[in-house]
**Q** 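Got a structure for you, written out below as structure tokens; questions coming shortly.
Note that ligands are numbered from 1 as they come in the structure, with each ligand's atoms numbered from 1 the same way. Along the sequence shown, the residues carry numbers beginning at 1.
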Amino acid sequence: MLVLAIGAHTLAAIVWVGGMFFAHVILRPAMGPMEPGERMALRGRLLPLFFKWVWISIIALFVTGYGVLYFGYDGLSGAGLHVRLMEGLGLVMMLLFGWMYFRPFKLFMQALKQADQKAAAGEFERIRRVVMVNLVLGMVVSVLGATGNFWG
Ligand code: HEM
């Protein structure tokens, strides 16, 4: 059971962090030559799909993370420093995503519906910044999680 939980935990991290890496490092520059309106419309189609998977990943990371912590380590007191850091930074990532989803992302979708390109671009910039911060945090957390048993 613990093996399945840590497997699901790792897969969820790959989906979330890998998706942010692809969006930020590959898709963004590749969309450069597109018309601004076309670019926004594409974002309006891809963000809801990606964010649905991020919600699934967050639920999986949360449930399996605390599952492994309480059934595999006897709680935080039995876990190494890397797990405490992962929990803290992981919760920051989840809160940042939640705020971004319910504020800038909702406003972005509304602006697109009203064909207000200027407002959509402003809200997208806020989304992009949160994704950038979460990408860096997600990479740090993943390295901590995967290497921690060797030093934590
Ligand atoms: C609620 C927050 C979280 C908790 C309580 C938690 C808990 C844990 C625990 C207990 C382990 C096993 C550590 C070990 O055996 O040394 C683990 C591993 C791991 N976690 Fe988390 N985690 C959380 C969030 C995250 C997040 C947000 C990510 C990445 C986005 C992440 C990525 C990983 C990775 C990559 C591993 C290593 C898996 C492996 O290769 O062994 N975790 N986590």
**Q** If hydrogens are left out, which of Ile6, Leu137, Ile58, Leu89 has an atom nearest to atom 11 (C) of ligand 1, that is, the closest non-hydrogen atom?
**A** Ile6
**Q** May I ask you to check if Arg43 and Phe108 form a cation-pi contact, with NZ or CZ under 6.0 angstrom from the six-membered ring centre and within 45° of the axis?
**A** no
**Q** Considering only the protein, which heavy-atom contact is closest to atom 10 (C) of ligand 1, and what is its distance?
**A** Val68 CG1, 3.7 Å
**Q** Starting from atom 38 (C) of ligand 1, what is the nearest protein heavy atom, named by residue and atom, and what distance separates them?
**A** Thr10 OG1, 3.5 Å
**Q** Could you tell me how the ring of Tyr66 sits relative to the ring of Tyr70: parallel (under 30°), tilted (30 to 60°) or perpendicular (over 60°)?
**A**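 Tyr66 vs Tyr70 ring planes: parallel.
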**Q** Number the atoms of ligand 1 from 1 as they appear, then name those within less than 4.0 Å of a heavy atom of Asn149, with their elements.
**A** 14 (C), 15 (O), 16 (O)
**Q** Do side-chain atoms of Arg28 reach the backbone of Ala23 as a donor and acceptor pair under 3.5 angstrom?
**A** no
**Q** Give the residue and atom name of whichever protein heavy atom lies nearest to atom 26 (C) of ligand 1, and the separation in Å to one decimal.
**A**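 Minimum-distance protein heavy atom for atom 26 (C) of ligand 1 reads Val141 CG1, 3.5 Å.
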**Q** Considering only heavy atoms, which of Met93, Met86, Met20 lies nearest to atom 31 (C) of ligand 1?
**A** Met86
**Q** Using a strict cut-off of 4.0 Å, indicate which atoms of ligand 1 neighbour a heavy atom of Ala146.
**A** 37 (C)
**Q** Are the side chain of Arg126 and the backbone N or O of Met100 linked by a donor-acceptor pair below 3.5 Å?
**A**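 Such a contact is absent between Arg126 side chain and Met100 backbone.
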**Q** Measure the distance from atom 35 (C) of ligand 1 to every protein heavy atom, then report the residue, atom name and distance (to 0.1 Å) of the closest one.
**A**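 Ranking protein heavy atoms by distance from atom 35 (C) of ligand 1, first comes Ser142 O, 3.7 Å.
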**Q** Checking a contact table here: which protein heavy atom is nearest atom 34 (C) of ligand 1, and how many Å away?
**A** Gly145 CA, 4.1 Å
**Q** For Trp151 and Thr147, which I'm curious about, is there any donor-acceptor pair between the side chains at under 3.5 Å?
**A** yes
**Q** Would you mind checking which non-hydrogen protein atom is closest to atom 5 (C) of ligand 1, with the distance to 0.1 Å?
**A** Gly65 C, 3.7 Å
**Q** What protein heavy atom sits nearest atom 30 (C) of ligand 1, and how far off is it?
**A**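 Nearest neighbour among protein heavy atoms for atom 30 (C) of ligand 1, to 0.1 Å: Val17 CG2, 3.6 Å.
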**Q** Do Leu46 and Leu27 come within less than 4.5 Å of each other through their side chains, counting heavy atoms only?
**A**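 With C-beta onward as the side chain, the pair touches.
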**Q** Within the 4.0 Å heavy-atom shell around Gly90, which atoms of ligand 1 are there?
**A**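 Answer, ordered by atom number: 27 (C).
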**Q** Report the nearest protein non-hydrogen atom to atom 1 (C) of ligand 1: residue, atom name, distance rounded to 0.1 Å.
**A** Tyr66 CE1, 3.5 Å
**Q** Near Trp53 CH2, under 6.0 Å, is it more than 12 heavy atoms from other residues, nucleotides or ligands?
**A**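 Check fails, neighbour count at 12 or below.
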**Q** Can you check which of Gly72, Gly88, Gly78, Ala13 brings a heavy atom nearest to atom 32 (C) of ligand 1?
**A** Ala13
**Q** Among Met139, His9, Arg84, Met94, whose heavy atom sits nearest atom 21 (Fe) of ligand 1?
**A** His9
**Q** Decide if atom CZ of Phe21 counts as having more than 12 heavy atoms of other residues, nucleotides or ligands within a radius under 6.0 Å.
**A** no
**Q** Less than 3.5 Å between some nitrogen or oxygen of His82 and one of ligand 1, yes or no?
**A** yes
**Q** Quick one: does Trp16's side chain get under 4.5 Å of Leu11's, heavy atoms only?
**A** no
**Q** What about Glu87: any of its N or O atoms under 3.5 Å from an N or O on ligand 1?
**A** no
**Q** Using the rule given for salt bridge (charged side-chain N to carboxylate O under 4.0 Å, His left out), can you reason through Arg129 versus Glu125, listing the C-alpha separation, both sets of side-chain angles and the distance that settles it, and then say yes or no?
**A** CA-CA 6 Å; Arg129 279 192 215 149; Glu125 184 52 27; 3.5 Å; yes
**Q** Taking side chain to side chain donor-acceptor pair (under 3.5 Å) as the test, write out the residues that go with Glu38, two or more places apart.
**A**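 With neighbours one apart ignored, the set is empty.
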